2 protein chains.
Amino acid sequence: MLPRPQGVNQISVMKIGELARQTGTQVETIRYYEREGLLSEAARTDGNYRIYSEAHVERLLFIRNCRSLDMTLDEIRLLLRFKDSPAENCGAVNELLDEHIGHVAARIRQLRQLERELKELREFCRETSIAGSCGILNKLSRQSPRKESTESSVGVHVRRTHS
Amino acid sequence: MLPRPQGVNQISVMKIGELARQTGTQVETIRYYEREGLLSEAARTDGNYRIYSEAHVERLLFIRNCRSLDMTLDEIRLLLRFKDSPAENCGAVNELLDEHIGHVAARIRQLRQLERELKELREFCRETSIAGSCGILNKLSRQSPRKESTESSVGVHVRRTHS
DNA sequence: CTTGACTCTTTAGCCGCTACAGGGTTTTCA
DNA sequence: TGAAAACCCTGTAGCGGCTAAAGAGTCAAG
């Protein structure tokens with residue numbers, strides 16, 4: 001029923017695995033986006049397999065692009081709404097992007113400060129010794145926790161360090 | 001039975017709310033740390049209330065210090081183990097800190113790159129127009145998603161932009 | 001006809017909390 | 001003294017953005 005998937009392009013109807021391959025997305029992530037309403041519900045084959053076209057590739061690439069720019073799914077949802085109504089004014093798109101840039105910049109400032117503090121802390125134990133007299137452990141015990149910068153308490157919407 | 005909490009210090013036995021106040025921690029967070037084994041199980045009053053001493057204040061401040069330096073609970077667990085066995089060599093403490101500094105530095109580099117890309121993207125729609133011809137939306141549709149830097153795919157353990 | 005690759009749905013887990021709901025205990029104040 | 005308020009308890013669910021796994025169905029090749 002469906003043309004069988006080839007290694008390369010020219011296919012315009014495909015199953016989820018091929019969509020995943022063409023966009024560098026995991027299959028589960030695609031289904032997740034569908035549940036979240038970023039992708040509309042796909043048509044199905046007789047065997048209940050989702051089927052996609054080039055249009056889905058484009059839309060998913062859009063989403064993945066936005067994600068690789070660290071936008072939230074909510075932000076992406078908004079952008080998609082504009083993409084879907086091309087007659088509207090795109091001022092809000094610019095606004096969203098400017099805000100997002102602001103968040104990234106704020107997070108960079110936070111992390112720079114954090115880096116300074118960590119390096120300062122590291123200086124407290126230049127030489128390896130026993131834990132009981134380790135300058136780092138002692139410093140960590142005594143300092144009072146610095147409060148998060150005003151920026152972040154104000155809701156910078158920028159995540160922390162670890163992944 | 002317990003001396004009643006005063007606005008200021010000198011109290012050495014307290015309930016969870018006072019510990020929370022003295023350390024700037026939420027009550028639920030303290031109970032969470034206990035569940036996670038960062039704080040040992042607290043003694044209880046007749047009425048089943050947790051009771052804490054100065055030692056707990058110190059330990060919790062240590063934890064909150066580490067958290068404000070964006071360490072994971074796993075990292076903190078390791079540091080606490082060293083704190084609890086003062087005879088051991090603290091080389092691993094230095095190592096952990098160096099690694100953590102590396103992660104923060106890597107995340108800063110990633111975010112700088114991200115900032116550059118976002119600003120570049122922003123240039124595609126200098127003037128507000130209609131969404132159908134918005135340079136930003138068009139660019140996002142066409143570009144193929146840049147892969148995350150090798151650093152992050154290698155497991156930099158550094159979170160993304162939003163919070 | 002079997003094997004194996006693919007797909008389906010549902011559910012749970014990751015991290016570090018945070019926020020309930022629905023109770024019990026203690027303190028305060030009239 | 002008694003009622004209300006403030007505090008505490010346990011247990012469970014939710015946040016975001018996936019990821020993984022269980023258990024079953026579908027389909028194409030040899």
Side-chain angles (χ1 to χ4, degrees), chain A residues 1-6 14-21 23-39 41-52 60 63-64 66-77 103 145 148 152 155 157-163, chain B residues 1-6 14-21 23-39 41-52 60 63-64 66-77 103 148 152-153 155 157-163:
Chain A
M1 180 169 262
L2 296 175
R4 82 185 221 288
Q6 284 289 107
M14 66 197 97
K15 289 180 291 183
I16 198 168
E18 177 62 14
L19 177 60
R21 212 192 49 71
T23 58
T25 312
Q26 295 234 90
V27 166
E28 294 91 343
T29 304
I30 297 175
R31 290 195 280 244
Y32 172 71
Y33 288 163
E34 184 180 306
R35 278 200 304 284
E36 289 297 300
L38 295 174
L39 298 172
E41 298 206 358
R44 302 291 181 122
T45 66
D46 292 349
N48 200 33
Y49 285 9
R50 289 171 180 83
I51 39 181
Y52 297 100
L60 183 50
I63 296 171
R64 296 307 286 174
C66 293
R67 283 297 297 137
S68 78
L69 295 172
D70 236 353
M71 297 179 191
T72 63
L73 297 192
D74 269 349
E75 287 173 324
I76 298 171
R77 250 182 286 265
H103 295 152
E148 309 273 315
S152 83
H157 131 101
V158 167
R159 289 211 191 113
R160 320 190 61 122
T161 311
H162 296 280
S163 70
Chain B
M1 178 169 267
L2 296 175
R4 82 182 222 288
Q6 285 287 109
M14 66 196 97
K15 290 180 291 183
I16 199 166
E18 177 63 13
L19 177 61
R21 212 192 47 72
T23 59
T25 311
Q26 295 235 87
V27 166
E28 294 92 341
T29 304
I30 296 175
R31 291 196 278 244
Y32 172 71
Y33 287 163
E34 185 180 305
R35 279 200 304 284
E36 289 296 301
L38 296 174
L39 298 172
E41 299 207 356
R44 302 290 181 121
T45 65
D46 292 349
N48 199 32
Y49 285 10
R50 291 172 178 83
I51 39 181
Y52 297 100
L60 183 50
I63 295 171
R64 295 307 287 174
C66 293
R67 282 296 298 137
S68 77
L69 294 171
D70 236 353
M71 297 180 193
T72 62
L73 297 192
D74 268 348
E75 288 173 324
I76 298 171
R77 252 184 286 267
H103 295 153
E148 309 272 315
S152 82
S153 61
H157 131 102
V158 167
R159 289 214 191 109
R160 321 191 60 126
T161 311
H162 297 281
S163 70

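Model, not experiment: these values are computed from the prediction. In what follows, every chain begins at residue 1, and chains take the letters A, B, ... in the order their sequences are listed.
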* To do: For residues B:L73 and B:R67, determine if any side-chain heavy atom of one lies less than 4.5 Å from a side-chain heavy atom of the other.
  => yes
* B:L73 has an atom CG; how far is it from atom P of C:dC14, in whole Å? -> 13 Å
* Structure fact -> Note: B:R44 and B:E34 closest approach over all heavy atoms is NH2-OE2, 4.1 Å
* To the nearest angstrom, how far is A:I63 atom CD1 from D:dG17 atom P? -> 12 Å
* Structure fact -> Closest to the side chain of A:I16, out of D:dT10, C:dA19, C:dC8, is C:dC8
* Among residues 28-36 of chain B, which residues get a heavy atom nearer than 4.0 Å to DNA chain C? -> B:E28, B:T29, B:Y32, B:Y33
* Structure fact -> Whole-Å distance, B:I51 CD1 to D:dC7 P, equals 19 Å
* Atom pair distance, as rounded to whole Å: CG in A:D46 and P in C:dC8 -> 14 Å
* Inter-residue atom distance A:T25.OG1 - A:I63.CD1, 0.5 Å rounding -> 8.5 Å
* A:R21 with A:E18: basic N within carboxylate O range, under 4.0 Å -> yes
* Provide the closest heavy-atom pair for B:T23 versus B:R64 in the form atom of the first, atom of the second, distance. => O-CG, 4.4 Å
* N/O (side chain, B:R50) to phosphate O (OP1/OP2, D:dC9) under 4.0 Å -> yes
* Are any non-hydrogen side-chain atoms of B:L60 and B:Y52 less than 4.5 angstrom apart? -> no
* Within less than 4.0 Å of OP1 or OP2 of D:dC18, is there a side-chain N or O belonging to A:R64? -> yes
* Report yes if at least one side-chain N or O of B:R44 is closer than 4.0 Å to OP1 or OP2 of D:dT10; otherwise report no. => yes
* Starting at atom CG of A:L60, determine the distance to atom P of D:dG17, rounded to an integer number of angstrom. => 15 Å
* To do: Write down the distance between CG (A:D74) and P (D:dC15), rounded to a whole number of angstrom.
  => 11 Å
* To do: Write down the distance between NZ (B:K15) and P (D:dA6), rounded to a whole number of angstrom.
  => 14 Å
* **No-H, no-angle donor-acceptor pair, B:Y49 side chain to D:dC9 base, under 3.5 Å** => no
* To do: Specify the separation, in whole Å, of atom CD of A:Q26 and atom C1' of C:dT7.
  => 15 Å
* Asked: Which atom pair, heavy atoms only, marks the closest approach of A:A42 to A:I51?
  -> CB-O, 3.8 Å
